[in-house]
Amino acid sequence: MEDSAELESILPYLPLVIGSSRRLLWPSKVVEALEAMSRGPDHSLVNCGEVLSIAISDMRASLSLADPLALSAPLGYALFFDELMSGADSRKWFAEDIPKLANLLLRLPSLLEVHYQNSRAYGYGLRILGPQQPGMVLLSQELIGALLACSLFCLFPISNRGLKHLPTINFDQLFASLYDSYSESQENKVRCIICYFQRICLQMPTGSVSFERKLLSLEHHPWQSFLSYPYADFWTKSTIPLCPFQVHSSGLIEDHAIEALEVDFANKYLGGGALHRGCVQEEIRFMINPELIAGMLFLPSMADNEAIEIVGAERFSDYTGYASSFWFSGDYVDKRSVDFLGRRKTRIVAIDALCSPRMKQYKLKYLIRETNKAFCGFLDQSKYSQYKRIFKMNSVQLNEGSSLPIKAKGESRTEEVRKSDEKSWRLEDCENYIGIATGNWGCGAFGGDPEVKTIIQWLAASQALRPFISYYTFGLEALQSLAQVTQWIILQKWNVGDLWNILIEYSSQKLRGEADVGFLLGFFLHCRNNIM
């Protein structure tokens, strides 16, 4: 294999070594162990969770992995495979699935070599996509399966991951948590993961998944092909029309009927507590679409001006419930079509909100932070030239993060931009008519104001020229009047700047202790006193 900067960046975080022939390979003792497992439990003696945990420890020793597994991980493997899993399922797992996973791991070096050969011309090779480095990694589903098998067997070195701000990647904490503080939700998280492995052992998927680090640049360079981080003046003076707003009081983001960019209410560390005890929106998505976990290998934590978009992750599990009531309810057959890269048309964007912001969420600095975070996630990088053209009409100098007002003659500037935007969308392929499917981002466990967060996401989606936003309220009482308020605003043909300024006014009142109602009711009072 030819040396490459991509491989050099990820190699310290892989369990492979480069041999004398400059080829990736497993250490010989690991090969022996995997070959024995590939021939079945009669050869390897790996026929239960307890023995599997011993085999994992032996392979880790052969890899000279100094960091110990989570203390209770062996007990967690034994608990799940020897007690919680039925006898028939356990026998099938060790007789059929473990040998196939061992074979898949034996092919990891060759899968990586093919991957780098195929990605060389496009720059999509597996690498650490570090902070402030926009870029994309494109992985085959088969390679992802091999990488996640490494996670199951806890073969990834972790000693330097903290220095790179990389999240957890091995599954030892997932199984240790099952034993240390058993809960049905944790058991059902593991069942989702095992379902995934059983499915790929039955039939290996042939598509691909892309992982993209997106950013709003904190600096301006004439040659850059991405947008700069905007400040208050940008939002205040924007005349971009507000996009249509659809409210759903029931249903789930992942079940949205029309293709959309689906929001992951993320931790700044991708996946959050997916491989620990977490079981809320992000963690559940990573369990039912386990290929998302692969991004945790090479994507460090997000800064305020960054987001992560993942396209193509297949869904393997169905479920009911949420948090403590989460329950794996069987196989899910993903029928979404694929694009020209072989990616399923499932687009997920991870954006991390402020955690426990309390009153600071109403300060201008943090309103800008949250709006820009959503804006970064909602932007379609492939439409940079379209953004640049329309925002110039909007008289917003994006690369400078400021704007200069230009007076329109005849029709309003908002109406002029609206017509230009609509025309550009008609010229686009209908497959690119992709809106936003979201909900109570940054609320719940993160403690944000759901009414404010709703408006922030609407502003960001509109400024990103998304054709619609579909909002799932999950029955939240504070958002009961959301449909009524948003439809009134749409009828008034407000633009982004209009709504931003109302949000700033409300937030200022909140900070001064003058607003004792939520934004939606406050909005009605404002309209009654100042507009109607």
Side-chain angles (χ1 to χ4, degrees), residues 4 6-7 9-10 104 107-108 110-129 133-148 196 199-200 203-215 225-226 254 256 258-264 270 285-286 288-299 307-316 332-350 376-387 428-437 464 466-467:
S4 74
E6 291 176 341
L7 176 59
S9 79
I10 194 68
L104 182 59
R107 292 192 295 111
L108 176 59
S110 61
L111 288 171
L112 280 167
E113 292 197 9
V114 170
H115 163 75
Y116 283 113
Q117 290 168 7
N118 292 341
S119 65
R120 187 179 302 139
Y122 305 101
Y124 294 160
L126 177 61
R127 63 197 186 278
I128 299 294
L129 275 179
Q133 294 177 17
M136 183 184 294
V137 167
L138 181 67
L139 304 176
S140 72
Q141 287 183 278
E142 186 175 22
L143 175 53
I144 289 174
L147 293 171
L148 294 188
Y196 162 75
R199 288 275 299 279
I200 68 169
Q203 183 176 356
M204 181 61 70
T206 58
S208 58
V209 182
S210 66
F211 302 80
E212 180 185 6
R213 193 174 200 94
K214 305 166 72 172
L215 66 82
S225 59
F226 43 90
E254 59 266 27
H256 188 69
I258 303 171
E259 186 179 359
L261 184 60
E262 302 166 11
V263 178
D264 164 18
L270 185 67
R285 197 66 198 264
F286 274 60
I288 65 174
N289 296 65
E291 291 164 333
L292 298 171
I293 297 170
M296 298 168 69
L297 172 64
F298 56 87
L299 285 160
I308 293 169
E309 183 172 339
I310 303 172
V311 181
E314 184 173 350
R315 180 173 170 182
F316 289 87
Y332 180 92
V333 179
D334 196 331
K335 297 181 180 179
R336 292 195 182 182
S337 59
V338 299
D339 65 12
F340 71 101
L341 289 173
R343 303 176 301 179
R344 289 189 181 271
K345 293 182 178 179
T346 297
R347 304 168 182 272
I348 298 170
V349 63
C376 179
F378 297 169
L379 285 169
D380 183 344
Q381 186 59 32
S382 69
K383 293 184 172 60
Y384 174 72
S385 59
Q386 182 186 356
Y387 290 134
E428 293 288 338
D429 186 333
C430 63
E431 289 190 353
N432 292 324
Y433 194 79
I434 298 167
I436 303 296
R466 294 290 178 173

- Query: Are the side chain of Arg127 and the backbone N or O of Gly125 linked by a donor-acceptor pair below 3.5 Å?
  - Reply: yes

- Hey, does the side chain of His115 reach the backbone of Leu126 with a donor-acceptor pair shorter than 3.5 angstrom? yes

- Query: Atom CG in Leu147, atom CG in Leu111: separation rounded to 0.5 Å?
  - Reply: 8.5 Å

- Given side-chain hydrogen bond (donor to acceptor under 3.5 Å, both in side chains), test Gln381 with Glu212 step by step and report yes or no. CA-CA 10 Å; Gln381 186 59 32; Glu212 180 185 6; over 6 Å; no

- Message: Using a 3.5 Å distance criterion without hydrogens, assess whether the side chain of Lys214 forms a donor-acceptor pair with backbone atoms of Gly377.
- Response: yes

- Where the side chain of Arg213 meets the backbone of Leu129, is there a donor-acceptor pair that is under 3.5 Å apart? yes

- Query: Going from CD on Gln117 to OG on Ser4, what distance comes out if it is rounded to the nearest 0.5 angstrom?
  - Reply: 11.5 Å

- Item | Side chain proximity check, Tyr124 to Val137, heavy atoms < 4.5 angstrom | no

- Message: For the backbone of Asp264 and the side chain of Arg285, can you confirm whether one donor and one acceptor N or O come within less than 3.5 Å of each other?
- Response: no

- Query: Just one of Glu254, Glu259, Glu262 clears the salt bridge (Lys or Arg N to Asp or Glu O under 4.0 Å) bar with Arg336, so which one?
  - Reply: Glu262

- Message: Less than 4.5 Å apart, side chain to side chain, heavy atoms only: is that true for Leu7 and Tyr116?
- Response: yes

- Item | Student check: side-chain heavy atoms of Gln141 and Thr206 closer than 4.5 Å | no

- Between Phe211 and the options Leu139, Leu270, Leu297, the side chain to side chain contact (heavy atoms under 4.5 Å, CB included) test singles out Leu139

- Message: I'd like to know if Glu309 and Arg343 make a salt bridge, using a cut-off of under 4.0 Å between side-chain N and carboxylate O.
- Response: no

- Met136 side, atom CE; Ser119 side, atom OG - distance, nearest 0.5 Å: 12.5 Å

- Query: Roughly how far, to the nearest 0.5 Å, is CD1 of Ile144 from CD1 of Ile200?
  - Reply: 10.0 Å

- Message: Counting C-beta onward and ignoring hydrogens, is there a side-chain heavy-atom pair between Glu291 and Asn289 closer than 4.5 Å?
- Response: no

- Query: Do the side chains of Val263 and Ile348 get nearer than 4.5 Å, heavy atoms only?
  - Reply: no

- Note on the structure: Separation between CD (Glu113) and CG (Leu108), nearest 0.5 Å, reads 10.5 Å

- Task: Check whether any side-chain heavy atom of Asp380 lies under 4.5 Å from a side-chain heavy atom of Leu261, and answer yes or no.
- Result: no

- Item | Verdict with reasoning, Leu104 to Glu142, per side-chain contact (heavy atoms from CB on, under 4.5 Å) | CA-CA 8 Å; Leu104 182 59; Glu142 186 175 22; 4.1 Å; yes

- Task: Please tell me if the side chains of Tyr122 and Leu138 come closer than 4.5 Å, counting only heavy atoms from C-beta onward.
- Result: no

